[in-house]
Trainee: 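What follows is a single structure, and I will ask about it in a moment.
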Amino acid sequence: MSSIFDKNGMMIFPNPLHKTIRESKQVLIVKECYCPNGHNLINRKAMSGNFPGILLKIRQKKDDGLVALSPVYGDKSKISLNIELIDKEILEVYCPECEVKLPIFSKCECGADLVSMFLTKDSSFKEVAAICTRVNCFNSQLKSSEDIISKIMNV
């Protein structure tokens, strides 16, 4: 009989892509991403399958909460904590540690902003993971050394 809690007492959420990830030969996992002040946004409190996820503080209208994102590129799963997300609403996104607002990378096709999570501590826009700030717009990009990686795997 399996438990719904891990050894640290954290609830385990099933990852619908877990089987796909194990069978895929090309999977991109974000293992480090940083706010502009150098705090790592990858957090074991935001586990997605066997991988520590990306934990972000968000503001929607006047409500604050946390969102845990999968670190698997192409996996669109997210879990909101302490806040009920409103479909199509535009969020403000912050570092959960220092509460600095994540900088804008570019405009999204939906009209909202793509915000930057830096893949290196030096906060270089040459190495960025960008996500849309609109609830349920799943547009995201990875930029690595001047090349935008639009699709790594079919998920």
Side-chain angles (χ1 to χ4, degrees), residues 13-21 23-43 45-97 99-155:
F13 291 92
N15 184 345
L17 294 178
H18 190 64
K19 183 177 179 191
T20 304
I21 290 168
E23 293 173 358
S24 176
K25 296 197 188 290
Q26 290 188 334
V27 176
L28 182 61
I29 308 293
V30 177
K31 292 187 177 181
E32 296 179 25
C33 67
Y34 301 92
C35 80
N37 292 330
H39 297 114
N40 198 349
L41 301 172
I42 299 293
N43 194 310
K45 292 178 183 175
M47 293 297 288
S48 180
N50 294 327
F51 306 108
I54 301 168
L55 189 63
L56 301 170
K57 180 178 179 179
I58 58 159
R59 180 165 295 131
Q60 176 181 254
K61 296 189 179 186
K62 294 182 181 181
D63 294 328
D64 290 345
L66 297 172
V67 170
L69 305 176
S70 171
V72 179
Y73 185 71
D75 180 357
K76 296 165 183 25
S77 62
K78 68 179 177 294
I79 299 170
S80 60
L81 308 167
N82 305 329
I83 191 167
E84 186 174 330
L85 299 177
I86 301 169
D87 189 37
K88 308 295 183 200
E89 190 70 30
I90 295 177
L91 307 172
E92 293 177 9
V93 184
Y94 301 87
C95 171
E97 190 166 335
E99 298 188 4
V100 67
K101 192 171 183 179
L102 298 187
I104 296 171
F105 176 70
S106 66
K107 280 288 185 194
C108 180
E109 297 168 359
C110 76
D113 293 323
L114 292 171
V115 292
S116 303
M117 298 177 291
F118 301 102
L119 300 177
T120 57
K121 277 192 171 184
D122 66 357
S123 301
S124 170
F125 279 95
K126 291 183 178 181
E127 305 286 335
V128 172
I131 58 169
C132 185
T133 56
R134 188 181 302 275
V135 175
N136 293 327
C137 175
F138 297 109
N139 189 14
S140 64
Q141 294 180 359
L142 285 177
K143 181 180 179 193
S144 179
S145 300
E146 305 299 327
D147 294 325
I148 293 179
I149 304 166
S150 61
K151 192 74 170 169
I152 299 300
M153 58 184 223
N154 294 323
V155 181

Trainee: Glu97 versus Asn40: any side-chain heavy-atom pair under 4.5 Å?
Mentor: no

Trainee: Could you check if a side-chain atom of Leu56 sits within less than 4.5 angstrom of a side-chain atom of Leu66, using non-hydrogen atoms only?
Mentor: no

Trainee: For the residue pair Pro36 and Leu102, establish whether any side-chain heavy-atom pair is separated by less than 4.5 Å.
Mentor: yes

Trainee: Mind checking the SG-OH spacing from Cys95 to Tyr34? Nearest 0.5 Å is all I need.
Mentor: 12.0 Å

Trainee: For Ile54 and Pro71, work out which heavy atoms get closest and say how close.
Mentor: CD1-CA, 4.3 Å

Trainee: Do the non-hydrogen side-chain atoms of Ser116 and Ile104 ever get within less than 4.5 Å of each other?
Mentor: no

Trainee: Can you classify the ring geometry of Phe125 versus Phe118 as parallel (below 30°), tilted (30 to 60°) or perpendicular (above 60°)?
Mentor: perpendicular

Trainee: Where is the tightest heavy-atom contact between Ile86 and Val135, given as atom of each residue plus distance?
Mentor: O-CB, 3.3 Å

Trainee: Once you round to the nearest 0.5 Å, how far does NE2 of His39 lie from CD of Glu99?
Mentor: 11.0 Å

Trainee: We want to know whether Ser124 and Asp122 form a side-chain donor-acceptor pair, criterion being a heavy-atom distance below 3.5 angstrom.
Mentor: no

Trainee: We want to know whether Asn136 and Lys78 form a side-chain donor-acceptor pair, criterion being a heavy-atom distance below 3.5 angstrom.
Mentor: yes

Trainee: Give the minimum heavy-atom separation between Tyr94 and Arg59, together with the two atoms involved.
Mentor: OH-NH1, 3.0 Å

Trainee: Roughly how far apart are Leu114 CG and Asn139 CG, rounded to 0.5 Å?
Mentor: 5.0 Å

Trainee: Please check if the side chain of Thr133 supplies one atom and the backbone of Asp113 the other of a donor-acceptor pair under 3.5 Å.
Mentor: yes

Trainee: Would you indicate whether the side-chain heavy atoms of Ile83 and Gln60 approach each other to under 4.5 Å?
Mentor: yes

Trainee: So how far is it from Cys33 SG to Ile42 CD1, rounded to the nearest 0.5 Å?
Mentor: 4.0 Å

Trainee: As an exercise, state the distance from CG of Leu91 to NZ of Lys57, rounded to the nearest 0.5 Å.
Mentor: 13.0 Å

Trainee: By the definition side-chain contact (heavy atoms from CB on, under 4.5 Å), identify the one residue from Val30, Ile131, Val128 that meets it with Met117.
Mentor: Ile131

Trainee: What verdict does the side chain to side chain contact (heavy atoms under 4.5 Å, CB included) test give for Ser140 and Cys132, after you've listed the backbone C-alpha separation in whole Å, the side-chain angles of each residue and the deciding distance to 0.1 Å?
Mentor: CA-CA 6 Å; Ser140 64; Cys132 185; over 6 Å; no

Trainee: How many angstroms lie between CD in Glu32 and OG1 in Thr120, if you round to the nearest 0.5 Å?
Mentor: 9.5 Å

Trainee: Among Asp64, Leu81, Leu85, which residue meets the side-chain contact (heavy atoms from CB on, under 4.5 Å) test with Ile58?
Mentor: Leu85

Trainee: Quick one: does Arg134's side chain have a donor or acceptor within less than 3.5 Å of a partner on Cys110's backbone?
Mentor: yes

